[in-house]
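Let me begin by presenting the structure, written as structure tokens, before commenting on it.
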Amino acid sequence: MKLASRHLLGLDGVSHDDIELILDTAVTFKEILNRPIKKVPPLQGKTIVNLFFENSTRTRISFELAQRRLSADVVNFAASGSSVTKGETLKDTARNIEAMKIDMVVIRHASAGAAHFLTKVVKANVINAGDGCHEHPTQGLLDMYTLREKFGSLKGLRVCIVGDILNSRVARSNIFGLQTMGAEVSVCGPSTLMPLEIERLGVKVFHHLDDVLPQVDAVNVLRIQMERSAAGLFPSLREYHRFFGVTSERLNKVNRPIAVLHPGPINRDVELSADVADGPHSLILEQVLNGVAVRMAVLYLLGLSE
Ligand code: CP
């Protein structure tokens with residue numbers, strides 16, 4: 001079985017069958033991650049470059065681990081320390097790297113559309129590792145994998161995405177992917193952090209966390225993106241925490257457990273209290289482990305497309 005596209009740029013428009021194929025393939029790779037010897041040969045002889053123009057901990061390490069587990073040769077590129085600091089364009093950077101016979105490119109960039117642009121200038125498979133406020137498809141996939149593993153199915157699952165929706169590529173990928181898989185998605189946050197006409201994506205919008213919590217099975221809590229000026233859109237971090245912070249006190253008011261996800265990095269005691277982040281219903285570290293398996297699945301499946 002192959003994916004319909006030879007690139008993964010976003011989850012908008014990716015079919016139910018393709019998402020299911022990636023999640024099912026990731027189950028096999030997760031089993032491999034639990035073995036004493038975690039390396040398998042499918043990408044032997046392939047060379048992959050990780051182009052990171054924005055900071056990352058989880059995504060970059062997770063992609064690199066996934067690539068090495070699949071026996072690919074890996075080249076890491078960070079914008080700082082490269083010729084980008086001398087004014088080289090994304091197009092020239094990519095074409096020069098491709099001249100060195102690269103098979104796949106993983107790109108993170110501050111500009112929405114950067115991954116799509118790369119598909120026009122290089123022949124390699126392109127994977128979007130987060131482009132501005134647009135999409136972060138492998139994060140959406142690993143969140144869905146984690147929820148499916150916990151609940152057995154995504155169909156009918158009620159998930160609320162909480163926080164800085166305005167600046168979030170993770171929110172968009174989750175909304176597209178979860179809806180395709182039959183989940184009911186809502187969003188909750190201050191109106192200043194809510195994109196205009198977000199309802200048109202088919203989500204229910206809440207501005208009071210206590211109203212939505214009794215109606216959901218899981219919350220995916222988003223980081224307040226200080227670097228994208230989000231902190232200027234509400235009075236103070238303390239006030240944000242008071243109204244939108246996911247705390248044990250709030251969760252305990254609902255008489256059943258609610259699973260808690262967060263893509264990381266966490267602003268502890270801002271969007272999520274530390275005891276919830278480390279508590280029994282937190283799936284945050286499962287998300288990190290599942291991220292490696294899901295990225296292995298994406299790399300493997302794209303490696304089958306020529
Ligand atoms: N979730 C996520 O994208 O984290 P990083 O920014 O650390 O890669």
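Position 1 is the first residue of the sequence; numbering continues from there. Order of appearance sets the numbers: ligands from 1, and atoms from 1 within every ligand.
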Tell me the protein heavy atom at minimum distance from atom 1 (N) of ligand 1, and give that distance in Å. P263 O, 2.8 Å
Walk me through it: do T89 and R95 pass the test side-chain contact (heavy atoms from CB on, under 4.5 Å)? CA-CA 10 Å; T89 64; R95 285 174 69 89; over 6 Å; no
Run the numbers for me: atoms of ligand 1, each under 4.0 Å from some heavy atom of T57, listed by number. 5 (P), 7 (O), 8 (O)
Enumerate donor-acceptor pairs with a distance under 3.5 Å from any side-chain N or O in residues 202-213 to protein atoms, sequence neighbours excluded.
unit_1, atom_1, unit_2, atom_2, d
H207, ND1, G189, O, 2.8
D210, OD1, R250, NE, 3.1

Within less than 4.0 angstrom of ligand 1, does E54 place any heavy atom? no
Which of these, R223, R169, Q287, R108, has its nearest heavy atom closest to atom 3 (O) of ligand 1? R108
Could you tell me whether the side chain of S305 reaches within less than 4.5 Å of the side chain of N125, counting heavy atoms only? yes
Would you check whether G264 reaches within less than 4.0 Å of ligand 1, judged by its heavy atoms? yes
With a cut-off of under 6.0 Å to the ring centre and 45° to the axis, is R108 in cation-pi contact with F52? no
What is the nearest protein non-hydrogen atom to atom 2 (C) of ligand 1, stated with its residue, atom name and distance? T59 OG1, 3.4 Å
Salt bridge or not between K150 and E286? Use side-chain N to carboxylate O under 4.0 Å. no
Of the protein's non-hydrogen atoms, which lies at the shortest distance from atom 4 (O) of ligand 1, and what is that distance? R58 NE, 3.1 Å
So, S273 and D275: side-chain donor and acceptor under 3.5 Å apart, yes or no? yes
